[in-house]
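Just follow the structure's listing: the first ligand is 1, and inside any ligand the first atom is 1.
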Amino acid sequence: MNGITIALSKGRIFEETLPLLAAAGIVPQENPETSRKLIIATNRPDVRVVVVRASDVPTYVQYGAADLGVAGRDVLIEHGGEGLYQPLDLNIARCRMMVAVPEGFDYENAVRQGARLKVATKYINTAREHFAAKGVHVDLIKLYGSMELAPLAGLADAIVDLVSSGGTLKANRLVAVEHILDISSRLIVNQAALKLKHAQLSPILDAFTGAVAA
Ligand SMILES: Nc1ncnc2c1ncn2[C@@H]1O[C@H](COP(=O)(O)OP(=O)(O)OP(=O)(O)O)[C@@H](O)[C@H]1O
Ligand SMILES: O=P(O)(O)OC[C@H]1O[C@H](OP(=O)(O)OP(=O)(O)O)[C@H](O)[C@@H]1O
């Protein structure tokens with residue numbers, strides 16, 4: 001397809017990418033929060049936005065169905081990054097990947113005694129690597145959301161999830177016991193598009209770079 005396709009997820013990534021797009025002179029004509037359209041035109045006839053699930057953004061860009069995208073470090077680690085150029089940390093959608101357990105659960109002791117922990121998470125690869133590096137034996141249980149429920153419902157001893165204000169953990173009487181990674185979102189670019197559409201892409205990349213540095 002001629003022109004530039006940008007893959008974004010609705011919600012915080014769309015909202016926080018808007019000022020960066022504006023710096024590149026790109027203004028989406030609709031808001032995915034209120035529109036059911038999955039392809040959104042912009043003020044520029046050669047640029048469109050496709051609205052996909054956050055975890056699907058790298059896949060669209062990897063296969064060239066989108067030239068550019070914005071994805072969290074959490075999502076990129078799980079995806080693996082194949083076929084993607086990741087030129088810029090946008091410093092948006094910032095949070096932390098943490099291990100959390102129910103209040104009163106003696107995590108340190110469980111780990112010290114070599115107990116086999118049941119850990120529920122959407123971030124299987126990150127969690128596997130984290131616990132392997134510590135030499136902690138875990139059974140990982142894959143979930144797709146609402147991780148905080150898992151220990152409360154008896155599905156797991158601990159979770160690996162994203163924490164920002166800490167409000168979700170608090171509301172569910174969980175506490176963070178380990179910090180795994182700092183997370184923010186990155187600009188991702190299809191590797192072939194970067195060469196073939198260089199003339200169209202480079203002013204956008206430059207504008208994003210300038211807006212992040214500002
Ligand atoms: N509470 C938070 N505060 C700041 N950034 C966050 C927070 N939660 C998630 N993020 C970041 O924003 C990205 C998008 O989150 P969002 O909630 O829109 O999608 P999701 O529901 O996690 O993904 P999917 O729809 O694919 O299941 C995440 O990948 C992460 O990098
Ligand atoms: O520390 P807090 O500020 O409470 O943020 C943490 C919550 O934010 C994320 O969920 P999100 O709000 O994105 O919901 P979703 O995963 O269902 O989209 C994350 O999965 C936590 O549940």
task = Considering only protein heavy atoms, determine whether one is less than 4.0 Å from atom 1 (O) of ligand 2.
result = yes
What is the closest protein heavy atom to [atom], and at what distance does it sit?
{"atom": "atom 19 (C) of ligand 2", "result": "Leu162 O, 3.6 Å"}
{"atom": "atom 16 (O) of ligand 2", "result": "Lys122 NZ, 4.9 Å"}
{"atom": "atom 4 (O) of ligand 2", "result": "Thr168 OG1, 2.5 Å"}
{"atom": "atom 13 (O) of ligand 2", "result": "Arg12 NH1, 2.9 Å"}
{"atom": "atom 22 (O) of ligand 2", "result": "Glu148 OE2, 2.8 Å"}
{"atom": "atom 3 (O) of ligand 2", "result": "Ser165 OG, 2.6 Å"}
{"atom": "atom 20 (O) of ligand 2", "result": "Asp161 OD1, 3.2 Å"}

Closest contact, heavy atoms only, Ile92 versus Ile13 =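 In terms of heavy atoms, the two residues are closest at CD1-O, 4.5 Å.
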inquiry  = Tell me the closest heavy-atom pair linking Gly81 and Gln86, and the distance in Å.
reply    =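 Gly81 and Gln86 have their closest heavy atoms at CA-NE2, 4.2 Å.
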Donor-acceptor pair, distance only, cut-off 3.5 Å: does the side chain of [X] make one with the backbone of [Y]?
{"X": "Gln191", "Y": "Leu84", "result": "yes"}
{"X": "Ser35", "Y": "Pro32", "result": "no"}
{"X": "Asp157", "Y": "Lys118", "result": "yes"}

task = Determine, step by step, whether Lys134 and Glu178 satisfy the salt bridge (charged side-chain N to carboxylate O under 4.0 Å, His left out) criterion, reporting the C-alpha distance in whole Å, the side-chain angles of both residues, the deciding distance to 0.1 Å, and the verdict.
result = CA-CA 11 Å; Lys134 284 172 58 83; Glu178 242 163 33; 2.6 Å; yes
query = Ser185 and Glu16: side-chain donor and acceptor closer than 3.5 Å?
reply =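 Short answer, no.
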ask   = Do Ser184 and Asn91 get their side chains close enough for a donor-acceptor pair, meaning under 3.5 Å?
value =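 The answer is no; no qualifying pair exists.
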ask   = Does ligand 2 have an atom that lies less than 4.0 angstrom from a heavy atom of Lys170?
value =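 Contact absent.
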message = I need the atoms of ligand 2 closer than 4.0 Å to a non-hydrogen atom of Val163, numbered in the order shown.
response =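 Taking each heavy atom of Val163 in turn, ligand 2 has 1 (O) under 4.0 Å.
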inquiry  = Whether Lys10 and Glu15 form a salt bridge (side-chain N of Lys/Arg under 4.0 Å from carboxylate O of Asp/Glu) is what I want to check.
reply    =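 The answer is no: the pair does not qualify as a salt bridge.
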Working for salt bridge (charged side-chain N to carboxylate O under 4.0 Å, His left out), residues Asp182 and Arg94 = CA-CA 8 Å; Asp182 285 327; Arg94 292 176 58 177; over 6 Å; no
inquiry  = Geometry only, no angles: is Gly166 polar-contacting ligand 2 at N/O separations under 3.5 Å?
reply    = yes
task = Write out the protein residues near ligand 1, meaning a non-hydrogen atom under 4.0 Å from one of its atoms, in order of chain and number.
result =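 Ligand 1 pocket, heavy atoms under 4.0 Å: Lys10, Arg12, Ile13, Arg53, Ala54, Ser55, Gly72, Asp74, Val75, Ala93, Arg94, Cys95, Lys122, Leu162, Ser164, Ile183.
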key: Partners passing salt bridge (Lys or Arg N to Asp or Glu O under 4.0 Å) against Asp161 (at least two apart in sequence or in another chain)   =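 Result, salt bridge (Lys or Arg N to Asp or Glu O under 4.0 Å) vs Asp161: none returned.
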